[in-house]
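This report refers to the structure that appears directly beneath it.
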Amino acid sequence: MDTMLTVDQLGKSFKEKKIIENISFDVRRGEIMAVLGPNGAGKSTTIRSIMGIMYPDEGSITFHSHKSGKIPRHKIGYLPEERGLYKNVTILDILLYFAELKEYPAAKAKERARFYLKKFGLEGKEKASIEELSKGMGQKVQFIASIIHEPELLILDEPFSGLDPVSLELFKKEIQELAKNGTAILLSSHQMNVVEELCDRLFMIHRGQKVLYGTIDEVKKQYASFKCVIYGENSKRVLGQISDVQRIEQEGDRSVLYLSQNLSLPAWLKKLPETVDIQELVIDRVSLHEIFIDIATDKSTMQEAGERYA
Amino acid sequence: MRNSFKVAKWEVKRNIKNKSFLISLILTPVLFLVFFTVPTLFGDDEKKSTATNKVTVIIQDELGVYNEIDSIIKQQNAIHWALKQTDRTEKEMVPELETAKNTVFVSLTEEALAAGKINVWMSEGANANFLQQAAVIEPPLRALQLERAGLNSEQIEMISQRIGFKSIPVKKQAEKTEPEPTEDPMKKLVPGAFAGVVLFSIVMTGMMIFQSASQEKKEKVAEIILSSVTPADLMQGKIIGYFVLGLTQVFVWMAFVIPLIIWRFDVPIFNYLLVPELALLLFIALSGYLLFASLFVGIGATVEDISTSSNFQGMLFMLPFMPFIFIGPILSNPEGLAAQIGSYIPFTAPGVLLIRLSIMERWPWIEILIALVILTASIWLFMKLAGKVFQTGILMYGKNATPKEIWKWMWS
């Protein structure tokens, strides 16, 4: 896949405080890339720097071969986290205005606006003002506004916040379709299950610095070990005797065992003591959600479990 | 710059379609028309009623001055008499007047002339002001009285002439040779007033920039727009857009007002308006707009909710009205110290200059030049500072900026 956007050694400070530091990643044509991180981690600052709304103090951004300051912004679509629309103007007028700002031909924009309004269940609402629409409908219009000009790179800052499950599915499907058609997508989200399902790669920032970068599988492999869920009546003492268990969480007859990294699963399974009551056993990698919580709360699952049960 | 025009076009389009703007655009000249024409309509009624209620003035003319009186009355616009001549005497006429209405009988006899007392018999409904109006026929009667007294025509003319007082201002020796000013005051006043209307209108619509920037921040649209255009483009676009809206307002108003003035007062307004001086006056008006627009757009970007903004932001709206402080001193002395000071303060300069240049016969070119240099430099500085404030302020969500923060952004 061609690299469309390259962020290299990006850094930005406010007053004396470093907001982001040494941020480097790339986004490729046709892929969905996630930027993750807890609130205040520096995601929006990174995105705003890419969009040229903020000026980074260090590093560079390259879109195709265009360097910062010369990036053709009409080839990029953007849905900011803090978003809204003009209240007393018709939806079609707003969409056409945004298309005009992106130098997209009016006739084509009108056609696309109508197509997407229909696709998102807003047919016949062209002449309605945003005040007349529900919040969800408003979000759909905002999404249409970000893609009306057929951008090559689409940046979505928290696109799923506040969406109902039906709209969420619609957005996911549309994002996947755009990527399939070659659009490079960079999105930030706090919904880890969606990211896990949708994204090809991720970049996680914490306190302005990179903590994770790679494909979902690579990240899980690199950062997270397996977890074993056992249903059965077991005491923590018995489970604590199992080798390579770093932490145990118990709730009724459900016990979750967080295992050490780089262990061989078949070998570990063979070593399970006879005394363990197993009604049901599930082995899975730790979810992205758990990795996120771990990083955001500065808690290393493995270390904690190791200290307690080693 | 292309993006600025796109923003400007959008601002114009969105406001032109806005009902409240349209209402104010049309309603203002309509109200003006109403205020202008309604009193005139009443005035016409008054005219009509006076025409129909013309007082009938019957004159017994023993003295042979009827024709002279008739021509005097015809020259008086404010006096509406229906003159009639009669040979009948007082004794015959008075009983008739008992039943008549709005009729006056004036007995001009030799006896009355000699006595210097002329009887005026008034019927029911005759106006009490009649005696004041009757003073206009006094000169021919006085002349006749003097003639009867034996004076020749030269003497009569001399006595008839009133003694008048004429004021002659003492001027400096150097100025004595100058010809008396004979220039028509309208020549300066009309273009000045026009530029004043332009300034007022564009500054008023300029205030809408504040609202527009603040609203864009509140409705969180700014970030989407700024992903396509630079903050400078957005700011310039707003300034240009509201300038066009202001001018549209002026044109619509003028389309109503100019024909009305021509019709009512028969003033050749275009002859007065289309003069070279108008260019300078309009330049001053435009400068005033740019100065205030930069202020409004910059500070507008710092306010999300006008109702909770500090007094500091509210004070800004007072600035365009500052020239009114100087109106009294300027009218009494357009070349005085107050007028000069007002010309050099950027916020008051446009208004003060327009007032001064509208009433001064000779323009103080050096002062104008200094004032314009100060004004242009101020516009440059304010635009720069507004740009910095706008850039930071428009993306700050959830609160209004404090004056301290604004100060910091300006010099960052």
Side-chain angles (χ1 to χ4, degrees), chain A residues 14-15 44-45 47-55 69 71-90 92-104 106 127 129-131 138-139 141-149 151 153-158, chain B residues 1-23 208 211-234 236-238 241 301 304 387-388 390-399 405 408-409 412:
Chain A
F14 287 125
K15 294 179 196 165
S44 291
T45 306
I47 288 176
R48 282 178 171 186
S49 300
I50 296 170
M51 287 312 302
I53 295 169
M54 268 184 189
Y55 304 102
I71 291 175
R73 300 212 262 183
H74 62 276
K75 289 189 174 167
I76 306 177
Y78 178 47
L79 180 70
E81 183 186 6
E82 295 282 355
R83 50 183 173 259
L85 291 170
Y86 296 103
K87 290 211 161 45
N88 51 1
V89 189
T90 70
L92 190 65
D93 279 348
I94 295 176
L95 291 174
L96 293 181
Y97 174 49
F98 289 162
E100 191 190 358
L101 288 180
K102 295 286 188 188
E103 291 171 19
Y104 195 72
K127 297 281 169 202
S129 71
I130 209 79
E131 284 171 316
Q139 277 179 294
V141 177
Q142 284 153 0
F143 184 77
I144 298 171
S146 68
I147 56 168
I148 188 136
H149 58 290
L153 170 67
L154 177 62
I155 299 178
L156 307 165
D157 200 352
E158 294 291 339
Chain B
M1 203 62 195
R2 232 177 102 219
N3 283 334
S4 297
F5 284 114
K6 284 181 195 167
V7 175
K9 199 177 119 193
W10 169 253
E11 292 290 353
V12 172
K13 193 176 155 189
R14 148 172 120 95
N15 279 288
I16 287 284
K17 284 185 176 178
N18 188 303
K19 278 178 204 140
S20 61
F21 180 81
L22 280 180
I23 290 170
M208 287 163 72
Q211 208 188 343
S212 163
S214 164
Q215 206 178 11
E216 222 151 69
K217 183 181 159 82
K218 192 178 171 186
E219 291 173 357
K220 293 169 180 167
V221 198
E223 199 167 340
I224 301 179
I225 308 287
L226 290 179
S227 71
S228 306
V229 302
T230 63
D233 282 339
L234 180 59
Q236 280 167 14
K238 283 185 184 297
E304 189 162 299
K388 288 188 167 190
F390 185 83
Q391 193 174 329
T392 317
I394 198 91
L395 290 174
M396 196 174 84
Y397 302 115
K399 70 179 197 108
E405 282 171 317
K408 240 191 314 184
W409 298 341
S412 64

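Being a predicted model, the structure only gives us computed values, none of them experimental. Just so you know, these numbers use all the heavy atoms, side chains as well, and skip hydrogens, waters and symmetry mates. Throughout, protein chains are lettered first and strands after them, A, B, ... in sequence-line order, and every chain is numbered starting at 1.
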side-chain hydrogen bond (donor to acceptor under 3.5 Å, both in side chains) partners of A:Lys87, counting only residues at least two apart: none
Calculate, to the nearest 0.5 Å, the distance between atoms [atom1] and [atom2] belonging to [X] and [Y] respectively.
{"X": "A:Leu79", "Y": "B:Ser227", "atom1": "CG", "atom2": "OG", "answer": "9.5 Å"}
{"X": "B:Thr230", "Y": "A:Ile53", "atom1": "OG1", "atom2": "CD1", "answer": "11.5 Å"}
{"X": "B:Ile224", "Y": "A:Gln142", "atom1": "CD1", "atom2": "CD", "answer": "6.0 Å"}
{"X": "A:Asn88", "Y": "B:Gln215", "atom1": "CG", "atom2": "CD", "answer": "6.0 Å"}
{"X": "A:Asp93", "Y": "B:Arg14", "atom1": "CG", "atom2": "CZ", "answer": "11.0 Å"}
{"X": "B:Ser228", "Y": "A:His74", "atom1": "OG", "atom2": "NE2", "answer": "10.5 Å"}

So B:Val221 and A:Tyr97, do their side chains get closer than 4.5 Å, heavy atoms only? no
State, yes or no, whether a side-chain contact exists between A:Arg48 and B:Glu223 at a heavy-atom distance under 4.5 Å. yes
Would you mind checking which part of B:Lys17 comes under 4.5 Å of any heavy atom in chain A, side chain (CB onward), backbone (N, CA, C, O), both or neither? side chain
Which atoms of B:Lys19 approach chain A - backbone, side chain, both or neither, heavy atom under 4.5 Å: neither
Who pairs with A:Tyr86 by ring-ring contact (aromatic ring centres under 6.0 Å, His included), at least two apart in sequence or on another chain? B:Trp10
Chain A shares the most heavy-atom pairs under 4.5 Å, among B:Ile225, B:Asn3, B:Val7, with B:Ile225
Can you tell which part of A:Glu103 gets under 4.5 Å to a heavy atom of chain B, answering side chain, backbone, both or neither? both
